[in-house]
Chemist: 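Got a structure for you, questions after.
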Amino acid sequence: MRTSPILKHSTNPEKGVVFTPREHADFMVREGLFWRLHQDFSNLSRNQFQSFLNGFEDRKTGGEYISALCSYQFQDPSAGDGIFLELICSIMNELCSKYDVQKEKDWESSHVCGFEISAEILKECKQKLNCSPFLVQSDYLYEQCHKKADIVIANPPYVRQELLHSDYKLKLRQKFQQEFPDVKLSVRCDLYIYFLLKVFRNLNKNGVFTFIIPNSWMDNSYGEILRQLFREKIQLLSTTDSGSRHFKQEVNTVIISGVHKKPANNNQIIVNLDQKCKSIFQERLQSLVLSWHGSLFRCPSWLLHQLRENKAIGKMSDMFSVHSGIIAGDKQAYYNKNKIDGSLPAIRSPKETSPILFTQSNVQTWIQKNGADFKIRKAPLLWTDLRGGRHVVVWNRDNLPFEHTFYGLHLKEGQDVKKWVYILNSSWVWLMVELFGRRGLGGGAIRLVKNDLVNLPIPLIKKMKFSANITGILERPIYNWRTELEQVDRKCVDDPYLKRLG
């Protein structure tokens, strides 16, 4: 992740200069080598590949693998300090030494290429490297690459679209929209999205890429272009998440590998989390409507099976319509702490709703339109948009107006609202939020936007009796999950529907 001349002048360059830690770079290079060899030697296993790297493979087989590797074109589209280029050359030299193979003269400069937009960074890279790859100072996104790549290893710039010069951003989007007419590019695409698209265009047949990028593309709206490509055009091979940040900066990353070929339904995608490994079939990607990161990494396989097969589990849109709240704009102009003529009691913030039950007696703010054209929104149940360590779905018993810090939930059928107050505040729904909520917000916050919320799994149990002893849970404060799970009344809420779910 690093900056370039295409950023706004107000951006602090130092915040963008983050190079890949060696241990992650080493993993990524080996991942790229394995997957590219695997395309030509389909019987190559992970254990055999490791044996080959250690020099334990027989001379003939090892020579065949090295011959294939020496024929490949390697690229790093954002070279930075040159860590990937150095590791590629180092590993290849070690392999040739172990198997007594002689590379062609000037192999490094003819087969290993790095691009870097910053002249200053490129100069430092050249001084540091102990090898001789071919280095190009240019904007890779506009570079006319004369050679297509067989293996691309990259830590591309993670730059939010707000930090890009507007004219550069516009031209970039127009360029790639023409090259990918079947997908819709969002104006909010981060820069790393364009690097992936460029690589897709620049790979040879069976060419492999390994990228370390933010995991936000797995959940957010502008990442849909990548999700669509991985479902339909580019075969995803593996995804790796350490469960913690790879960099000191506030960014959660994932390492992904893919190959330039149309995905097959029987393709198995390797999913790694904290050295625990599982595989899923390509066709599973077609059915993922909730967070890809939550579905692939956080949700265990047995629970995913329950969500697909258990007829008592549906989604929020089966029972509720979801609406956003009041968008008043300048809140200082329309909200007051005291009641004045013409004002309405309202719910402005989740901070005002410590218990589940909220009535007019709990009101802390009043709203007055003052001639503004925004709409007053009301709903019996309020879903908190952005949340931390608590889960509260507010029972807005007096149907008061609410701000867009909530989503309003309206029952589609004339059912008992109180029953759904219990279900939506249950540990089950809380768990679903933790599994499938969007987490790239910093500070432990989590959220479900409307498109996520309508698909959130909930129990669809029409007839259910709750104990009369649990009404206290509606009026007491809701705590963080560690404290909350110890409460007796919460167990009384959870037991009935959990038994019905089986």
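Note that this is a predicted model, so its numbers are computed, not measured.
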Chemist: Answer yes or no on whether Arg36 is positioned over the face of Tyr72, meaning its NZ or CZ is under 6.0 Å from the six-membered ring centre and within 45° of the axis.
Modeler: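 Positive - Arg36 is close enough to the ring of Tyr72 and near enough to its axis.
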
Chemist: Is the closest side-chain donor-acceptor distance between Ser45 and Gln48 under 3.5 Å?
Modeler: yes

Chemist: Indicate yes or no: at least one non-hydrogen side-chain atom of Ile234 is less than 4.5 angstrom from one of Pro263.
Modeler: no

Chemist: Answer with yes or no whether the side chains of Asn155 and Tyr192 bring together a donor and an acceptor at under 3.5 Å.
Modeler: no

Chemist: Are the side chain of Lys98 and the backbone N or O of Leu53 linked by a donor-acceptor pair below 3.5 Å?
Modeler: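 Such a contact is found between Lys98 side chain and Leu53 backbone.
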
Chemist: What I'd like to find out is whether the side chain of Tyr407 reaches to under 4.5 Å of the side chain of Leu381, using heavy atoms alone.
Modeler: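 SC-SC contact between Tyr407 and Leu381 ruled out.
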
Chemist: Hey, does the Lys NZ or Arg CZ of Lys175 hover above the aromatic six-ring of Tyr142, less than 6.0 Å from the centre and inside 45° of the axis?
Modeler: yes

Chemist: Do Arg387 side-chain atoms and Thr384 backbone N/O form a donor-acceptor pair below 3.5 Å?
Modeler: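 Yes.
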
Chemist: Judged by atom type as modelled, is there a donor-acceptor pair below 3.5 Å linking the side chain of His404 to the main-chain atoms of Ile326?
Modeler: yes

Chemist: Classify the side-chain pair Asp385/Thr405 by whether it contains a donor and acceptor separated by less than 3.5 Å.
Modeler: no

Chemist: Could you give the distance from NZ (Lys148) to CD (Gln73), rounded to the nearest 0.5 Å?
Modeler: 13.0 Å

Chemist: Start with the C-alpha distance between Phe74 and Cys113, add both sets of side-chain angles, then the distance that settles side chain to side chain contact (heavy atoms under 4.5 Å, CB included), and finish with yes or no.
Modeler: CA-CA 6 Å; Phe74 298 79; Cys113 181; over 6 Å; no

Chemist: Counting only heavy atoms not in Lys278, do more than 12 sit closer than 6.0 Å to its NZ atom?
Modeler: yes

Chemist: Could you tell me if Asp150 and Asn204 have a donor-acceptor pair between their side chains, going purely by distance under 3.5 Å?
Modeler: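 The answer is yes; a qualifying pair exists.
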
Chemist: Determine, stepwise, if the pair Glu484 / Asn480 fulfils side-chain hydrogen bond (donor to acceptor under 3.5 Å, both in side chains).
Modeler: CA-CA 6 Å; Glu484 193 64 35; Asn480 64 66; over 6 Å; no

Chemist: Using the benzene-type ring in the case of Trp, are the ring centres of Trp35 and His38 under 6.0 Å apart?
Modeler: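 Aromatic pair counts; centres sit under 6.0 Å.
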
Chemist: Arg447 and side chain to side chain contact (heavy atoms under 4.5 Å, CB included): which single residue from Leu386, Asp452, Val433 fits?
Modeler: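 Of the listed residues Leu386, Asp452, Val433, the side chain to side chain contact (heavy atoms under 4.5 Å, CB included) partner of Arg447 is Leu386.
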
Chemist: Looking at every heavy atom in both Leu203 and His260, which two are closest together, and how far apart are they?
Modeler: O-ND1, 3.1 Å

Chemist: Decide whether His323 and Arg377 meet the rule of one side-chain donor and one side-chain acceptor closer than 3.5 Å.
Modeler: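 Arg377 and His323 do not have a side-chain donor-acceptor pair below 3.5 Å.
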
Chemist: Can you see whether Ser138 engages Glu143 through a side-chain donor-acceptor pair at a distance of less than 3.5 angstrom?
Modeler: yes

Chemist: Taking atom types as modelled, is there a side-chain donor on Asn202 or Gln75 under 3.5 Å from an acceptor on the other?
Modeler: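 Gln75 and Asn202 do have a side-chain donor-acceptor pair below 3.5 Å.
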
Chemist: Ring pair (Phe, Tyr, Trp, His ring centres under 6.0 Å) between Phe49 and Tyr65: does it pass, once the steps are laid out?
Modeler: CA-CA 9 Å; Phe49 177 68; Tyr65 293 159; 8.3 Å; no

Chemist: Taking all heavy atoms of Leu237 and all of Gly258, pick out the closest pair and write down the distance.
Modeler: CD1-C, 3.7 Å

Chemist: Is it the case that over 12 heavy atoms from other parts of the model lie below 6.0 angstrom from the CD atom of Glu104?
Modeler: yes

Chemist: Do the side chains of Thr240 and Leu273 get nearer than 4.5 Å, heavy atoms only?
Modeler: no

Chemist: Verify side-chain hydrogen bond (donor to acceptor under 3.5 Å, both in side chains) between Gln39 and Lys261, making sure each step is shown before the conclusion.
Modeler: CA-CA 10 Å; Gln39 306 311 308; Lys261 63 169 60 173; 3.2 Å; yes

Chemist: Taking atom types as modelled and ignoring hydrogens, do the side chains of Tyr158 and Asp190 form a donor-acceptor contact shorter than 3.5 angstrom?
Modeler: no

Chemist: With side-chain hydrogen bond (donor to acceptor under 3.5 Å, both in side chains) as the criterion, how do Asn267 and Gln282 come out once you've worked through the C-alpha distance, each side chain's angles and the decisive distance to 0.1 Å?
Modeler: CA-CA 5 Å; Asn267 168 52; Gln282 176 74 31; 3.0 Å; yes

Chemist: Are there more than 12 heavy atoms of other residues, nucleotides or ligands under 6.0 Å from atom CD of Gln127?
Modeler: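 It does: Gln127 CD has more than 12 such atoms within range.
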
Chemist: So how far is it from Phe211 CZ to Ile153 CD1, rounded to the nearest 0.5 Å?
Modeler: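 So the gap between those two atoms works out to 9.0 Å.
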
Chemist: Have Ser78 and Glu116 got a donor and an acceptor in their side chains that come within less than 3.5 Å?
Modeler: no

Chemist: Please tell me whether Phe209 and Phe200 form a close aromatic pair, meaning their ring centres lie under 6.0 Å apart.
Modeler: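 They qualify: ring centres under 6.0 Å apart.
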
Chemist: Report yes or no: does Asp274 contribute a side-chain atom to a donor-acceptor pair with the main-chain N or O of Lys276 at less than 3.5 Å?
Modeler: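 Not a single qualifying donor-acceptor pair exists.
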
Chemist: Can you tell me how far the CG atom of Asn455 sits from the CE atom of Met316, to the nearest 0.5 Å?
Modeler: 10.5 Å

Chemist: Hey, what do you get for CG (Leu185) to CG (Leu197), rounding to the nearest 0.5 Å?
Modeler: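 With rounding to 0.5 Å, CG (Leu185) is 6.0 Å from CG (Leu197).
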
Chemist: Identify whether NZ of Lys or CZ of Arg in Arg46 sits under 6.0 Å from the centre of the six-membered ring of Phe34 and within 45° of that ring's axis.
Modeler: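 Judged by the rule, Arg46 and Phe34 form a cation-pi pair.
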
Chemist: Is there a donor-acceptor contact under 3.5 Å from the side chain of Lys103 to the main chain of Asn93?
Modeler: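 Judged by distance alone, no pair lies under 3.5 Å.
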
Chemist: Can you find a pair of side-chain heavy atoms, one from Gln306 and one from Leu501, that are under 4.5 Å apart?
Modeler: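 A side-chain contact under 4.5 Å is absent here.
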
Chemist: Scan side-chain atoms only and decide if Glu283 and Asn265 contain a donor-acceptor pair under the 3.5 Å cut-off.
Modeler: no

Chemist: Would a distance-only check, ignoring hydrogens and angles, find a side-chain to backbone donor-acceptor pair under 3.5 Å from Lys147 to Ser110?
Modeler: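 Between the backbone of Ser110 and the side chain of Lys147 there is a qualifying donor-acceptor contact (under 3.5 Å).
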
Chemist: Flag the pair Glu120 and Lys123 as a salt bridge only when some basic side-chain nitrogen lies within less than 4.0 angstrom of an acidic carboxylate oxygen.
Modeler: no

Chemist: Will you find, in the side chains of Ser291 and Arg438, an N or O donor that is under 3.5 Å from an N or O acceptor?
Modeler: no

Chemist: Does a donor on one side chain and an acceptor on the other come within less than 3.5 Å for Ser257 and Thr210?
Modeler: yes

Chemist: Could you measure the distance from the OH atom of Tyr222 to the CG atom of Asn220? Nearest 0.5 Å is fine.
Modeler: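 CG of Asn220 is found 4.5 Å from OH of Tyr222.
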
Chemist: For a side chain to side chain contact (heavy atoms under 4.5 Å, CB included) check, start with the C-alpha distance between Ile255 and Met28, then their side-chain angles and the critical distance, and finish with the verdict.
Modeler: CA-CA 8 Å; Ile255 296 171; Met28 291 170 63; 3.9 Å; yes

Chemist: Just checking Trp217 against Phe230, ring centres under 6.0 Å apart?
Modeler: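 Ring centroids of Trp217 and Phe230 are less than 6.0 Å from each other.
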
Chemist: Is Asp318 reaching over with its side chain to a backbone N or O of Gly314, donor-acceptor style, under 3.5 angstrom?
Modeler: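 Absent.
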
Chemist: State whether a side-chain donor-acceptor pair under 3.5 Å links His293 with Asp241.
Modeler: yes

Chemist: Should the ring pair Phe195 and Tyr140 be called parallel, tilted or perpendicular, given that the plane angle runs from 0 to 90° and is split at 30 and 60?
Modeler: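 The rings of Phe195 and Tyr140 lie parallel, inter-plane angle below 30°.
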
Chemist: Could you give the distance from CD (Gln235) to CD1 (Ile269), rounded to the nearest 0.5 Å?
Modeler: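 Rounded to the nearest 0.5 Å, the CD-CD1 separation comes to 8.0 Å.
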
Chemist: Tell me if the CZ atom of Arg308 is crowded by more than 12 foreign heavy atoms within 6.0 Å.
Modeler: yes

Chemist: Judged by atom type as modelled, is there a donor-acceptor pair below 3.5 Å linking the side chain of Arg298 to the main-chain atoms of Glu434?
Modeler: yes

Chemist: Ring centres under 6.0 Å, that's the criterion: do His391 and Trp428 meet it?
Modeler: no

Chemist: Is Arg201 positioned over the aromatic face of Phe180, cation under 6.0 angstrom from the ring centre and no more than 45 degrees off axis?
Modeler: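 Yes, Arg201 and Phe180 form such a contact.
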
Chemist: Okay, side chain of Asp81, backbone of Ile83: is any donor-acceptor separation there less than 3.5 Å?
Modeler: yes

Chemist: I'd like to check Phe176 versus Leu141 (side-chain heavy atoms, cut-off strictly below 4.5 Å). Are they in contact?
Modeler: yes

Chemist: Judged by atom type as modelled, is there a donor-acceptor pair below 3.5 Å linking the side chain of Gln286 to the main-chain atoms of Arg231?
Modeler: yes

